[in-house]
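Below: the structure, in C-alpha cells.
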Amino acid sequence: MTTPDTPAPADFIRAIVAQDLRTNKHGGRVHTRFPPEPNGYLHIGHAKSMCLNFGIANEHEGGLCNLRFDDTNPSTEDVEYVEAVKSDVRWLGFDWGDRLFYASDYFEQLYQYAVQLIKKGKAYVDSLSAEEIRDYRGTLTKPGKESPYRTRSVEDNLDLFQRMRTGEFEDGAHVLRAKINMASPNINLRDPTLYRIRRVAHHRTGDKWCIYPTYDYAHPLSDSIEGITHSLCTLEFEDHRPLYDWVLDETEVECHPQQIEFARLNLSHTMMSKRKLLELVEQGHVTGWDDPRLPTLMGLRRRGYTPAAIRNFCDHIGVAKRDAVVEMALLEHFIREDLNRRAPRVMAVLRPLRVVIDNYPEAQVEKLEAVNNPEDPTMGTRKVPFSRVVYIEQEDFREDPPSKFFRLAPGREVRLRYAYIIKCVGVVKDERTGEVVELHCTYDPETRSGSSQAGRKVKSTVHWVSAAHALQAEVRLYDSLLLQANPSETPEDQDYRASLNPNSLQTLTACRVEPSLASAAPGSRYQFERLGYFCVDAVDSSPHVLVFNRTVPLRDTWAKIEKAQQGR
RNA sequence: UGGGGGAUCGUCUAGUGGUAGGACUCCAGACUCUGGAUCUGGGUACCUAGGUUCGAAUCCUAGUCCCCCAGCCA
C-alpha cells in the first residue's frame, strides 16, 4: 500500500474512528451497524444514518456494517416493515452482506445476561404498577424513591424473573429493573426497566417469549454480541450513554462498543417524525407511505429521486452535534445534478396552447432530429415528428409581454426547439372569456435546425409537441408539504395541519408528450425540456394513461425575474 | 430553578493560538437552439461581555439563547 496522504477526517465521528484506529482501540477493526426498528418506513433521516454507518465501514479496509432490526417491542412491529426496510436499504445502494441480524436473535442470551445481573444484585424484579413506578421516579429536579421491592433477595428475583418468562403473570404485573441509583440526576439511571411482560406474539419469535427487553438493555448487548466498535445514534440518546456503558460494564462482556451521538437530519418544508408522518398517511393528507410528497425513501423513489442523489446529499450535509435544518434546496441541487447528467431530454407540454402554422403544408410531417442529452453525446439522438399544428406551453405566449419576456407574443418570433423559427401572426380568443385558445403563426422554411440558414438568432427557444402525434398524459406537480421552512415551528397539536401546503399536489390531466414516450418504463426518468425532471409513476402509469411525477423543476430564471418585477 | 448537549455567512459545514474556507441559496455578468447546464465575478458569519496573548472562532471568567430527558417506546 502506498502512503496515504491522510485527508482530514470529514467529521468528528470519522475523526474518532481514525483516532481509535491509530491507538488500536478495537484491534484495528471498524464495525458499525444500522439498527432500524421495524415499526415504520425509512425516511431520508435514516438515509443519513445509513450513509454514515455503511460509509464509515466502507472507508476502511475490512470495515463492516451490519443491518440489525431492533425488534424488541412486538406490539408495534411487523414483518411488513422489515421487508420494506430491507428493500429500501438495498435500493439506496447498501449491502449488509450476510450480516442481517435481529435483536430478537439474542433474546436467549439477553435473558441469561439478565440472570447474571440478578445474581450480582444488579437487577431486581419490581412489582410496582407502571403508575407507581412513575411516581417513584421523582422529577427532573427531585430525586426518586426506591421501590419497596428493590431489596428482594436474589433467590426471589431469580424465581420471579423465571416465572415472568414462563408466562405466569399478566402484562404489567412485574418488571425487571436495573439496580443503579434512584437519586441520580440522570433520570435514565434511576433503576431503568430492563424487561417488561408483553403477552403478544413477536413477528419472529412467535409465542416463545412473553417478556421482552427494552432498548436500553438490548441495544448495548446486541452491539456487543455483534462486535460493533462504534455505535452511532442520534443526540437524544446522549444521556442514555451512561446506561449503555453500565449494562456492558456490569455484564462483563468482552466487547464494549463506543456510543457516539450525532444530530439527526431535519429538512426544511417537511416533517421527519414517524408520528406525524403516520398521521398524514392515516388521515389521508397524502395517499400513502410512498406519496411522492413525503420524505420517506419510498416517497422519494416514487418522486423520481435517485439513490445516488440521496447519497450525495447525505455525504454533503455533514455530521455534527448541533441541531440543524437543512434546506430542501440542497436536496434539490443534488437530484438536479444527477439527473442533468443522466436523464434523457424529451419534449412535453403541460398546459397546451394550440398553434397552427398557416404556411406549413397541410399533410406534411417531418421527422426532426433531437439530441437526447446535450450533457452526454453517447446518449444519441432521436426523431421527433413535426407538423402543421403543434402545441406549445400556454406560459410561453403573452399577448402583452412584459419587459424581459423573450417568448412568443403577437408579431414576435421564437424558435421551436429542433424545428423552425415561427412568427405569431394571429391570436384566437374565446369570445366569452377572452382566453387565448389558439395562435396562428408562420414559419420560416430556411431556419430548420441544422440547415445552413439555421443560424439566425431569436431571443428564445420554446418546446412543443406535434398535435397529431402527441400522447396524452397526466402530470403531477409537487410542491413542499409544509408552508414554513422550519418543521419545528409547526404546532404540535392537531392544528399542525394548518401549516400543510394546500397546493402540495397539482394534477394536470391535459398534458401532451412526444410520442417517443409511448414505451417509457415505469419509474424511468426524463427531463422535460425547459420544465424539469419527471418520472413515470410506477404505481398509476400505464400504456393507456401515462402518468408522470415531477421530481424537481429546472431552475427558472424567468420566474425569478417576473417575481422581482411584481415585487416592484 | 436537576442532568446532558449545542451556539461560525440566509442554510449546512470546516477551522482546535497565526489571513475565517467550502457547498447550497442569493446577486451581477458571459455563453446558450433548454431563461437548463456551464463559466466568471460578488455579497453576507465567529451568541454577548470581560480577560490572557504580539496575535483568540479556538484558551480563561461571567452571562445569554436553543435542543434533549421524568415510556413497561426507540
Side-chain angles (χ1 to χ4, degrees), chain A residues 8 10-11 35-37 39-40 70 72-73 75-76 126 128-130 133-135 137-144 171-172 174-177 184-190 192-198 211-212 214-216 218-219 233-242 261 263 265 268 274 316-334 336-337 340-341 345 347 370-371 374-375 404-407 414-419 421 447 449-450 454-463 485 488 527-532 553-561:
Chain A
D11 57 68
E37 186 191 8
N39 71 344
D70 226 328
T72 57
N73 185 2
S75 27
T76 59
D126 197 355
L128 253 26
S129 70
I133 287 179
R134 198 189 318 131
D135 289 342
R137 186 157 30 229
T139 68
L140 293 180
T141 49
K142 277 195 274 292
D171 286 14
H174 307 283
V175 82
L176 185 74
R177 290 233 253 169
S184 173
N186 181 347
I187 288 181
N188 296 297
L189 263 19
R190 319 240 262 232
T193 299
L194 268 23
Y195 271 90
R196 70 282 213 197
I197 301 171
R198 276 262 211 295
I211 57 172
Y212 294 96
T214 57
Y215 166 87
D216 282 320
H219 203 86
C233 63
T234 43
L235 253 27
E236 67 268 28
F237 294 105
E238 219 152 13
D239 44 19
H240 291 237
R241 192 179 345 121
E261 310 84 12
L265 169 65
S268 74
K274 264 183 195 176
H316 280 84
I317 53 177
V319 179
K321 295 196 72 150
R322 77 179 90 151
D323 299 303
V325 180
V326 178
E327 287 178 342
M328 189 63 89
L330 189 59
L331 215 211
E332 294 182 340
H333 162 76
F334 284 105
R336 286 196 188 102
E337 179 190 69
N340 176 50
R341 215 179 320 128
R345 317 277 124 131
M347 290 197 284
V371 174
E375 301 293 320
K404 303 260 187 70
F405 182 87
F406 300 145
R407 283 109 98 146
V414 96
R415 174 176 284 284
L416 294 180
R417 179 94 158 137
Y418 297 124
I421 292 176
T447 57
S449 276
R456 182 145 75 86
K457 293 275 185 272
V458 284
K459 284 277 216 179
S460 136
T461 297
V462 144
H463 60 95
S488 70
Q527 184 196 101
F528 289 180
E529 292 220 27
R530 305 209 306 133
L531 296 175
L554 250 28
R555 292 182 67 229
D556 189 347
T557 304
W558 164 242
K560 278 178 199 164
I561 293 170

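Chain A is the first sequence line, chain B the second, and so forth, proteins listed ahead of strands; every chain is numbered from 1.
- In terms of position on RNA chain B, the residue among L416(A) and F334(A) whose nearest nucleotide sits closer to the 5' end is F334(A).
- Using a 4.0 Å heavy-atom distance criterion, V319(A) is classed as a sugar-phosphate-only contact.
- Residue contacts shown for V462(A) are absent, as no nucleic acid heavy atom lies under 4.0 Å away.
- Within 4.0 Å (heavy atoms only), P374(A) reaches at least one base atom of the nucleic acid.
- With sequence neighbours left out, the salt bridge (charged side-chain N to carboxylate O under 4.0 Å, His left out) criterion links E236(A) to R264(A).
- Residues satisfying the side chain to side chain donor-acceptor pair (under 3.5 Å) criterion with R407(A), sequence neighbours excluded, are D396(A).
- Side-chain atoms of R415(A) and base atoms of U34(B) include no donor and acceptor less than 3.5 Å apart.
- In this structure F405(A) satisfies the ring pair (Phe, Tyr, Trp, His ring centres under 6.0 Å) test together with W558(A), sequence neighbours excluded.
- R241(A) comes within 4.0 angstrom of nothing in the nucleic acid, heavy atoms only.
- Between the side chain of E375(A) and the base of U38(B) there is no donor-acceptor pair of N/O atoms closer than 3.5 Å.
- The distance between atom CD1 of I317(A) and atom P of U25(B), rounded to the nearest whole Å, is 16 Å.
- The ring pair (Phe, Tyr, Trp, His ring centres under 6.0 Å) check on H333(A) picks up nothing, with sequence neighbours excluded.
- In this structure, E337(A) has no side chain to side chain donor-acceptor pair (under 3.5 Å) partners at least two apart in sequence or on a different chain.
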Enumerate all atom pairs, one protein N or O and one N or O from nucleotides 26-29 of chain B, separated by less than 3.5 Å.
| from | atom 1 | to | atom 2 | distance (Å) |
| --- | --- | --- | --- | --- |
| C26(B) | OP1 | K560(A) | NZ | 2.9 |
| C26(B) | OP2 | K560(A) | NZ | 3.4 |

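- Across all strands, H333(A) comes closer than 4.0 Å only to sugar-phosphate atoms, never to a base (heavy-atom distances).
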Can you give the dot-bracket line for RNA chain B, where a pair is Watson-Crick or G-U wobble with both atom distances under 3.5 Å, crossing pairs use [ ], and | marks a partner on another strand? .((((((..((((....[..)))).(((((.......)))))....(((((..]....))))))))))).....
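- An OP1 or OP2 oxygen of U13(B) is reached within less than 4.0 angstrom by a side-chain nitrogen or oxygen of R322(A).
- The base of G10(B) sits within donor-acceptor range of the side chain of E327(A), with an N or O pair under 3.5 Å.
- Of the possible donor and acceptor atoms, none in the side chain of R336(A) sits under 3.5 Å from a partner among the backbone N and O of G532(A).
- Using a distance-only test at 3.5 Å, with no hydrogens or angles considered, no donor-acceptor pair links the side chain of R417(A) to the main chain of A370(A).
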Could you write nucleotides 63-74 of chain B as a row of B, S and -, 5' to 3', where a protein heavy atom under 4.0 Å of any base atom gives B, of only sugar-phosphate atoms gives S, and otherwise -? ----SBBBSBSB
So which protein N/O to nucleotides 39-43 of chain B N/O distances come out below 3.5 Å?
none

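- Going from atom CG of N73(A) over to atom CZ of R196(A) covers 5.0 Å, rounded to the nearest 0.5 Å.
- Taking E37(A) as the reference, nothing meets the salt bridge (charged side-chain N to carboxylate O under 4.0 Å, His left out) condition, with sequence neighbours excluded.
- Here Q527(A) lies in heavy-atom contact (under 4.0 Å) with a base.
- Of the candidates C24(B), G35(B), A7(B), C24(B) carries the atom nearest the L330(A) side chain, counting heavy atoms from C-beta on.
- Side-chain contact between N340(A) and R345(A): present, with at least one pair of heavy atoms (C-beta onward) separated by less than 4.5 Å.
- Across all strands shown, F528(A) has no heavy atoms under 4.0 Å from either base or sugar-phosphate atoms.
- For H219(A), the ring pair (Phe, Tyr, Trp, His ring centres under 6.0 Å) test picks out Y215(A), with sequence neighbours left out.
- Here the closest heavy-atom approach between residue K142(A) and residue R190(A) is recorded as O-NH2, 2.9 Å.
- Out of U8(B), G35(B), G5(B), the shortest distance to the side chain of K321(A) is found at G5(B).
- When the ring pair (Phe, Tyr, Trp, His ring centres under 6.0 Å) test is applied to Y195(A), the partners found at least two apart in sequence or on another chain are F161(A), Y217(A).
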